[in-house]
Amino acid sequence: MKVLQIIVLLIICLTQRVELLIPPKFQWKTIDFAWNGDLKNVAMASGGYIPENIMPTGLARWKNKLFIAIPRWKKGVPSSLNYVYLNGSQSEPLLPYPSWKDAFILDDAETINSNATVVSAFRMHVDKCDRLWVVDNGVADMSTDVKQIAEPAVVVFDLNRDSVVRRYEMTGEVLRDSSVLTSVVVDFVGKSCDCGEAYAYITDMGSNALIVYSFKDDDAWRVENHYFHFDPHAGVYKVGGIDFYGSDGVSSAALSQVKSDGYRDLYLHPTSSTKQFKMSTKLLRHKDAPEEEIFNGVLVVGEKGPFSQASACDFDPKNNVLFFTQVCKNAIGCWNIDKPFTPQNTPTVVRDCTLLEFPNDVKVDKEGNLWILSDRQARFLHGHLDPAQVNFRVLTAPVTKLIQGTACERSSLVTRAWSALSSRRNSAKAK
Ligand SMILES: *[C@@H]1O[C@H](CO)[C@@H](O)[C@H](O)[C@H]1NC(C)=O
Ligand SMILES: *[C@@H]1O[C@H](CO)[C@@H](O)[C@H](O)[C@H]1NC(C)=O
């Protein structure tokens, strides 16, 4: 009887948790845009818009806007950087950012339209100074006939003015032929956390590296480490009924709060890995850090268990919780960084085979809401998407509600006091 009650309770709590997210804030069968006049027909006729080739991979919320990034993986993506208003309809068409004039380009373009053009981006970051950071790979038709339209660049927008404040083109020195720049996260320095003193940490999934960009010095450098490579034990995936192999390196990172030494930890992971790593920003910000320090500078935080590969992560500073996509589990996982990193302490908080088929990106906004993008990427890359079905979804819920009753919830004062006391007692015994 007891067991049955527990099971019923469990089912209720699970369904409630999923219900929190239903209905999705946005969902699309195929991605369409808010076209100007007759442009849609012209673009379709010329191959500038091929709906079935479009799959979003990144999101970021700022005020009344939700930004959505679409890499030029295949031909016919009219605009890589886009947004919708939060007050829009559930299948709202996308608006190119900052404008059609800047963002719309064809696959065979020779140059970009302006310094505000983003050719191909995966993910974005909104910083505390109302700026949007985007890493442009500059390529079209990535999967078949790669064409470099612009130099890979860090592009920073002023969201209040919808204008570019910086476009930093990366040199060959920090990149490799195999470079694929996926995520960016931004760090502020000093007590005043001045907007000008920012560092961006960019993951190069294709060539297993981090690229550090100093906004103040307008300079970038490359950081390599063996832990940025994929783990051969974690190369097998099964998502949406499709089995595939992956060998992607470091693909996403998130920053902790400033620690007592004045620096943050950068939490990072390769996609094809079930481990969590971290590295101090003290080392990353040091352009000429000795090779040996970099070699020893990445720490293994822990292991999440089988099929826990993650494409993206983000950190909630209010609850001290790291969130990550759980690609093979159709779920989002979490970890309270004040607790040991173990499979027990890294539960999934939402899980749904349909709504969360291939959760690709996850973000925490300034108000403490979690945003999730699921996009059926396995079908898109290894099979095909059915345009009659919903393929892309954006779900959102407050973090505090999501982690309630899970191992990611902040432990109560009593528990914390007890564990502090018992560890003190143990260390006293040890002496
Ligand atoms: C949504 O907000 C935008 C910007 O504030 C506004 O222009 C638009 O009219 C609003 N749409 C609806 C449907 O209310
Ligand atoms: C971008 O281009 C505009 C218009 O040409 C120019 O005014 C602005 O200074 C440029 N910004 C950057 C960061 O290059």
Side-chain angles (χ1 to χ4, degrees), residues 23-28 31-37 39 56 59-69 79-105 109-121 124-138 148-171 174-175 181 184 186 188 194-200 202 211-220 363 365-367 369 371 392-396:
K25 178 75 184 149
F26 295 103
Q27 59 176 27
W28 300 271
I31 298 289
D32 202 355
F33 296 81
W35 298 88
N36 282 337
L39 196 56
L59 85 179
R61 185 242 167 144
W62 179 77
K63 294 189 178 170
N64 191 24
K65 288 186 174 120
L66 183 73
F67 289 91
I68 294 173
S79 164
S80 182
L81 181 59
N82 308 280
Y83 68 100
V84 287
Y85 285 112
L86 293 187
N87 60 351
S89 71
Q90 210 184 18
S91 301
E92 192 70 10
L94 273 51
L95 279 157
Y97 189 82
S99 70
W100 272 103
K101 202 168 135 259
D102 294 304
F104 176 55
I105 59 165
E110 295 295 329
T111 56
I112 48 178
N113 305 333
S114 77
N115 55 20
T117 305
V118 171
V119 180
S120 186
M124 303 145 289
H125 178 88
V126 171
D127 76 10
K128 66 178 183 84
C129 302
D130 291 336
R131 296 180 300 199
L132 180 72
W133 294 67
V134 188
V135 183
D136 185 6
N137 285 275
Q148 196 80 39
I149 295 176
E151 292 301 321
V154 181
V155 190
V156 187
F157 293 92
D158 176 339
L159 288 166
N160 288 310
R161 294 191 176 80
D162 296 328
S163 65
V164 180
V165 288
R166 185 69 63 80
R167 185 179 187 102
Y168 174 80
E169 292 189 351
M170 294 189 206
T171 61
V174 298
L175 301 175
L181 308 170
V184 53
V186 177
F188 291 94
D194 178 357
C195 293
E197 279 212 48
Y199 288 87
I202 296 155
I211 293 163
V212 183
Y213 169 67
S214 160
F215 188 81
K216 187 177 158 205
D217 300 333
D218 201 22
D219 188 18
K363 281 277 177 351
D365 70 17
K366 266 189 196 152
E367 289 162 27
N369 300 300
W371 292 83
F392 317 113
R393 293 178 173 89
V394 171
L395 314 176
T396 182

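Values below: all heavy atoms of this structure, side chains included; hydrogens, waters and symmetry mates excluded. Since the structure is predicted, the reported quantities are computational estimates derived from the model, not experimental observations. As the structure lists them, so they are numbered: ligands from 1, and atoms in each ligand from 1.
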Put together the list of close N/O pairs, under 3.5 Å, between ligand 2 and the protein, could you?
unit_1   : atom_1 : unit_2 : atom_2 : d
ligand 2 : 2 (O)  : N115   : OD1    : 3.3
ligand 2 : 2 (O)  : N115   : ND2    : 2.5
ligand 2 : 11 (N) : N115   : ND2    : 2.9
ligand 2 : 14 (O) : N115   : ND2    : 2.9

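With sequence neighbours excluded, the residues that form a side-chain hydrogen bond (donor to acceptor under 3.5 Å, both in side chains) with N160 are D130. Annotation: side-chain hydrogen bond (donor to acceptor under 3.5 Å, both in side chains) contacts of D32 (sequence neighbours excluded): W35, K40, Y49. Residues forming a side-chain hydrogen bond (donor to acceptor under 3.5 Å, both in side chains) with W100 (at least two apart in sequence, or on another chain): none.
Below 3.5 Å of separation, one finds no N or O of Y85 facing any N or O of ligand 1.
Listed for the N137 side chain is a donor-acceptor partner under 3.5 Å among the backbone atoms of L181.
A salt bridge does not link K216 to D194: none of the charged side-chain nitrogens sits closer than 4.0 Å to a carboxylate oxygen.
When the options R167, H125, M124 are evaluated for a side-chain contact (heavy atoms from CB on, under 4.5 Å) with V134, the one that passes is M124.
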